[in-house]
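Report on the following structure.
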Amino acid sequence: ISARVVVRWIVGNLFDCEPHAVDLQDDGNEKLRARHPRDGRGMTIDIAYGGIWIVIGVASATLGLSVVVPSPGMAPDETSEASRRRARYGSLCNALRYAPVDIDIELLFSHTTTGAFDLAEHGRWHVLDVPMAGKIRAAVALAQPAWQPLTHVHTFGWPKALAFGQANA
């Protein structure tokens with residue numbers, strides 16, 4: 001199944017319309033945009049792949065996803081914490097389109113699954129760990145518009161034990 005087919009289905013449900021009515025546009029920077037067919041509201045979409053998993057993020061604000069999958073080229077002794085930091089940092093870089101940014105690296109070492117960053121000219125960002133299976137680590141970075149604080153995150157597709165249990169072990 002193409003990720004774009006799944007994106008159309010997800011956004012169609014969010015917009016309460018048929019998937020074929022969703023207008024998907026490539027923004028030229030590896031992100032998709034969708035416009036509501038009736039009222040013009042927009043959504044930003046990012047797609048990341050990790051092994052057999054497709055991770056899709058949809059938000060009304062700018063977002064970036066990153067998935068870190070163990071691979072033969074990785075250091076054999078890389079800890080899950082190091083993979084988590086790489087996923088967190090990668091999500092911010094992806095969201096910011098790899099713009100130069102000064103990040104307090106200590107914030108990426110947090111044991112909490114969510115963190116907030118004030119990035120000077122780039123504004124306020126939230127980074128959330130995404131629960132994944134096994135040694136796969138993923139994160140999403142979301143811009144926080146001044147007029148709309150981050151209040152809800154909805155996830156689906158993960159077993160409850162993984163989403164609400166010891167996902168960060």
Side-chain angles (χ1 to χ4, degrees), residues 1-69 84 86-101 103 107-108 112-133 136-160 162-164 167:
I1 296 178
S2 168
R4 286 182 180 241
V5 171
V6 177
V7 165
R8 283 185 184 280
W9 178 81
I10 291 168
V11 175
N13 279 293
L14 289 171
F15 287 165
D16 194 28
C17 68
E18 292 297 318
H20 64 81
V22 173
D23 179 23
L24 285 182
Q25 301 163 352
D26 191 331
D27 75 356
N29 288 313
E30 299 181 13
K31 298 273 190 291
L32 292 173
R33 301 271 313 151
R35 292 250 171 246
H36 194 287
R38 292 182 293 281
D39 66 20
R41 285 179 292 151
M43 298 291 233
T44 302
I45 301 150
D46 197 10
I47 302 169
Y49 300 90
I52 63 169
W53 301 99
I54 299 173
V55 181
I56 299 171
V58 179
S60 57
T62 301
L63 80 152
L65 291 170
S66 179
V67 178
V68 175
V69 180
R84 187 173 296 112
R86 284 195 311 125
R88 290 172 178 174
Y89 182 74
S91 69
L92 273 170
C93 289
N94 187 1
L96 293 168
R97 307 289 208 275
Y98 299 93
V101 64
I103 298 172
L107 295 173
L108 297 176
T112 62
T113 59
T114 182
F117 300 82
D118 285 312
L119 300 177
E121 72 274 8
H122 299 290
R124 186 163 179 81
W125 290 82
H126 291 274
V127 176
L128 299 98
D129 293 339
V130 177
M132 298 293 291
I136 300 171
R137 298 293 178 254
V140 59
L142 294 159
Q144 179 181 324
W147 50 271
Q148 182 182 13
L150 178 65
T151 58
H152 292 83
V153 176
H154 299 276
T155 63
F156 64 92
W158 296 278
K160 284 184 182 179
L162 191 59
F164 300 109

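Fair warning: this is a prediction, and the values are worked out from it, not measured in the lab.
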| query | Please, which pairs that meet ring-ring contact (aromatic ring centres under 6.0 Å, His included) have at least one residue in residues 16-50, sequence neighbours excluded? | reply |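 For residues 16-50, and leaving out neighbouring residues, the ring-ring contact (aromatic ring centres under 6.0 Å, His included) pairs sorted by first residue read Phe15-His36.
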
| message | Please determine whether a side-chain nitrogen of the Lys or Arg among Arg88 and Asp129 lies less than 4.0 Å from a carboxylate oxygen of the Asp or Glu. | response |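 The answer is yes: the pair qualifies as a salt bridge.
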
| request: Decide, yes or no, whether a salt bridge links Lys31 with Asp46 under the criterion of side-chain N to carboxylate O below 4.0 Å. | output: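 Salt bridge present between Lys31 and Asp46.
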
Heavy-atom side-chain contact between [X] and [Y] under 4.5 Å:
X: Met43; Y: Leu14; result: yes
X: Asp23; Y: Pro37; result: no
X: Val58; Y: Ile10; result: yes
X: Arg137; Y: Ser66; result: no
X: Ile45; Y: Val11; result: yes
X: Trp53; Y: Val69; result: no

| field | Check against side chain to side chain contact (heavy atoms under 4.5 Å, CB included), Val127 and Val140 | value | CA-CA 6 Å; Val127 176; Val140 59; over 6 Å; no

To the closest 0.5 Å, what do you measure between [atom1] ([X]) and [atom2] ([Y])?
X: Ile47; Y: Leu65; atom1: CD1; atom2: CG; value: 9.0 Å
X: Cys17; Y: Arg8; atom1: SG; atom2: CZ; value: 10.0 Å
X: Thr62; Y: Gln144; atom1: OG1; atom2: CD; value: 12.5 Å

| said: Can you confirm whether more than 12 heavy atoms, excluding those of Asp16, are under 6.0 Å from its CG atom? | reply: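 No.
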
| message | Between Arg41 and Ser60, does the side-chain hydrogen bond (donor to acceptor under 3.5 Å, both in side chains) criterion hold? Intermediate values first, please. | response | CA-CA 8 Å; Arg41 285 179 292 151; Ser60 57; over 6 Å; no

Non-hydrogen atoms of [X] and [Y] that approach each other most closely:
X: Ala34; Y: Val22; value: CB-CG1, 4.2 Å
X: Gly64; Y: Ser91; value: O-CB, 3.5 Å
X: Ala95; Y: Trp125; value: CB-CZ3, 3.4 Å

| Got a donor-acceptor contact below 3.5 angstrom from the Arg35 side chain to the Gly40 backbone? |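 Confirmed, Arg35 side chain pairs with Gly40 backbone.
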
| query | Within the distance-only criterion (no hydrogens, no angle test), does the side chain of Asn13 pair as donor or acceptor with the backbone N or O of Trp9 below 3.5 angstrom? | reply |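 Yes; judged by distance alone, with no hydrogens or angles, the pair exists.
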
| Trace of the side chain to side chain contact (heavy atoms under 4.5 Å, CB included) decision for Leu24 with Val7 | CA-CA 9 Å; Leu24 285 182; Val7 165; 3.9 Å; yes

| request: Kindly determine whether Thr44 and Arg33 satisfy side chain to side chain contact (heavy atoms under 4.5 Å, CB included), including the steps that lead there. | output: CA-CA 5 Å; Thr44 302; Arg33 301 271 313 151; 2.4 Å; yes

